Amino acid sequence: MAKAFKEALESGKFVITAEVGPPKGVDIEEMKHHIELLKDKVDGLNVTDNQSSVMRISTLPVCRLIQEAGGEPILQMTCRDKNRLALQSELLGAYILGITNVLSLTGDYVTVGDHVDAKPVFDLDSVLLLETIKGLEEGKDCAGNELTGEGRPTFCKGAIVTPEANPIEPQLLKFEKKIKAGAEFIQTQAIYDLDNFKKFMEYARQFDVKIMAGIVLLVSAGMAKYMNANVPGIFVPKDLIDEMASAEKGKALAKGIEIAGRMIKTLKDENICDGVHIMAIGKEGKVPDILAAAGLA
Amino acid sequence: MIVAERKPFEEIKAMIEGCKKVLIVGCGECVSVCMAGGEKEVQILASQLRLAFEEEGKKLEAGETTLERQCDKEYLEEIKDKVDDYDAVISMACGAGVQFLAEMYDSKPVYPALNTQFIGVAEREGEWSERCRACSDCVLAETGGICPVAICPKGLLNGPCGGTNDGKCELSKEKDCAWTLIYNRLDKLGKLDNIRKIFPAKKYSVQTTPGRRIHEAFKEKE
């Protein structure tokens, strides 16, 4: 069984998390296979929350499945679909199930997904959600009402940052608010340029927070170019694009795994950050190969 | 001002199916300025409807009038002698005007010709943009006169989301990121400390609909 994520974070070891994306439908065989494959190889498995505003199975029951399988779930919570009542009741519900790792996110806007006419909520934002969790830990809901009975919930609270955002200053201002609001760990948006990331880490090291670098598996040179053009806050340097393009036909994925593994190894060996969060979007089954390439298997 | 745009012609035409006489009532305030429901737009809609009915071999008598505004009873009363002559009334006011007119003439079908969009400003001739969501809890003093509630699609109060790029919004490269604008304005004013503190969650209780306000001087004495 995976050790508690919080314990792993506090132990000072190089922490590794990956992602499980719930499907849009009730066939969960493939997802269960991924959970089985990854649960003992990582310190935590993020469960995405209607990722990209596309309606799917909700996060909490999938966290429960991970837990039952002996893994360590990290509940992603966006502010897009739930108001402050729903967010808090979900947090209390997660806690009584023993699901205590929470990643606070704003959430993509509704119109980027598959329910463009849905009402966007955004009652709280990612900073206020962290404050709300802190409040529950102190025994109060976000309206100031006392929680009843004995005991208080405790959570391991996380948030995200985009180190390659342009302009970076407003992003950092929010990053600092997230820490002030109680974030204990930060998973970053995908990073590829390690020199840029080192500069970010020089700044981030002044705060008492664990930073996990976001690793998105490249599957082709085209994907890298597409992300550069279309995904905010992602920058794949030219040498990596060229390296992907240099892969023999049919070997691009293997090259992507090699690059991801190499980056993770550098981040760990040079003690650049506290861990990595691997996002192998659609290729979750390849995470063990990435870890092997990083020398971590 | 309140910005609105005219509904598609076919939708308006379908509303008055079977009518022989309709009174089209324009509004001389906001919707007149934003070229959606003023005197000129009343004329255009009336002509279009007459022609469309004629093409189908039907006759439509379309009366035209434009009031000072439709959100005041005193002006709505000006059409009280006319309304009875018509089968229906088409209001070219914002949603508030349509409702006030329908309330005063409640035995007559009243149809809206516009879709009311937002409270905004004239960027240039023929172009308007949203600036206020009427949230009843104004934060502009601290955000450098730029509203995160109206300009950020998510209404975020504590800084930009991760979707912003090059100062633009995740929704469109045409939209500015509200929080980049706020940051830059406050930086220029030397007041970035305004947004370093955590803004509390918005009080939605103060904007429970329907809103109502009574001026102090008009409140009944206890």
Side-chain angles (χ1 to χ4, degrees), chain A residues 52-53 78-80 83-84 87 105-112 120-132 134-135 142-144 159-182 188-190 214 228-235, chain B residues 133 135 137 139 142-144 146-188 190-209:
Chain A
S52 305
S53 308
T78 74
C79 298
R80 177 193 54 238
N83 71 3
R84 61 192 88 173
L87 289 166
L105 302 152
T106 302
D108 291 325
Y109 197 68
V110 169
T111 54
V112 307
V121 180
F122 302 108
D123 184 19
L124 302 182
D125 58 41
S126 53
V127 175
L128 292 170
L129 177 55
L130 288 166
E131 276 213 323
T132 298
K134 197 164 68 176
C142 74
I160 63 151
V161 72
T162 306
E164 296 275 9
N166 178 39
I168 188 70
E169 293 83 2
Q171 187 74 212
L172 297 183
L173 186 134
K174 191 165 192 179
F175 168 75
E176 291 178 26
K177 285 195 197 187
K178 287 175 178 179
I179 296 167
K180 208 190 291 178
T188 80
Q189 172 61 290
N228 276 353
N230 297 293
V231 184
I234 292 192
F235 166 63
Chain B
R133 298 290 293 185
C135 76
D137 185 18
V139 297
E142 291 173 289
T143 55
I146 298 164
C147 179
V149 180
I151 314 293
C152 170
K154 299 174 186 174
L156 299 179
L157 295 173
N158 281 297
C161 70
T164 177
N165 202 21
D166 296 332
K168 298 295 172 186
C169 174
E170 118 182 335
L171 266 62
S172 154
K173 286 179 177 146
E174 307 296 311
K175 291 179 200 276
D176 289 324
C177 166
W179 276 99
T180 307
L181 294 176
I182 292 168
Y183 188 95
N184 291 342
R185 175 83 54 85
L186 291 174
D187 192 18
K188 197 163 125 185
K191 289 190 182 293
L192 279 173
D193 278 349
N194 283 7
I195 52 168
R196 288 206 171 94
K197 65 163 190 278
I198 295 174
F199 280 68
K202 208 126 186 77
K203 289 177 183 161
Y204 285 92
S205 59
V206 297
Q207 51 168 300
T208 304
T209 57

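Note that the coordinates shown come from a computational prediction; the quantities given were computed from them, not determined experimentally. Numbers restart at 1 for each chain; the letters A, B, ... are given by sequence-line order, proteins then strands.
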Novice: Is it the backbone or the side chain of B/K173 that comes under 4.5 Å from a heavy atom of chain A, or both, or neither?
Specialist: side chain
Novice: With a 4.5 angstrom heavy-atom cut-off, which part of A/Q171 approaches chain B: side chain, backbone, both or neither?
Specialist: both
Novice: Could you check which of B/A201, B/P160, B/G162 has the highest count of heavy-atom pairs closer than 4.5 Å to chain A?
Specialist: B/P160
Novice: Enter the distance from B/T164:OG1 to B/L156:CG here, rounded to the nearest 0.5 Å.
Specialist: 10.5 Å
Novice: Can you tell me which portion of A/P120 sits under 4.5 Å from chain B's heavy atoms? Options are side chain, backbone, both or neither.
Specialist: neither
Novice: Non-hydrogen atoms of chain B under 4.5 Å away: do they reach the side chain of A/E169, the backbone, both or neither?
Specialist: both
Novice: Check B/W179 against B/P148 and note the closest heavy-atom contact, atom names and distance.
Specialist: NE1-CB, 3.7 Å
Novice: Is the closest side-chain heavy-atom distance between A/S126 and A/L105 below 4.5 Å?
Specialist: no
Novice: Starting at SG of B/C177, measure out to NZ of B/K168 and round the result to the nearest 0.5 Å.
Specialist: 10.0 Å
Novice: Could you tell me if B/K197 sits above the aromatic ring of B/F199, with its cationic atom closer than 6.0 Å to the ring centre and no more than 45 degrees from the axis?
Specialist: yes
Novice: Which region of A/E131, side chain (C-beta onward) or backbone (N, CA, C, O), has a non-hydrogen atom less than 4.5 Å from a non-hydrogen atom of chain B, or is it both or neither?
Specialist: side chain
Novice: Against chain B, work out which of A/T162, A/I160, A/L173 has the most heavy-atom pairs shorter than 4.5 Å and name it.
Specialist: A/L173
Novice: Should we count CZ of B/R133 as having more than 12 external heavy atoms under 6.0 Å?
Specialist: no
Novice: Check whether the side chains of A/R80 and A/T106 place a donor and an acceptor atom closer than 3.5 Å, and report yes or no.
Specialist: no
Novice: Heavy-atom distances under 4.5 Å only: say whether B/I195 touches chain A with side chain, backbone, both or neither.
Specialist: both
Novice: Contact part of B/L157 toward chain A, heavy-atom cut-off under 4.5 Å: side chain, backbone, both or neither?
Specialist: both
Novice: Among A/K174, A/Q189, A/K180, which residue forms the greatest number of heavy-atom pairs with chain B at distances under 4.5 Å?
Specialist: A/K174
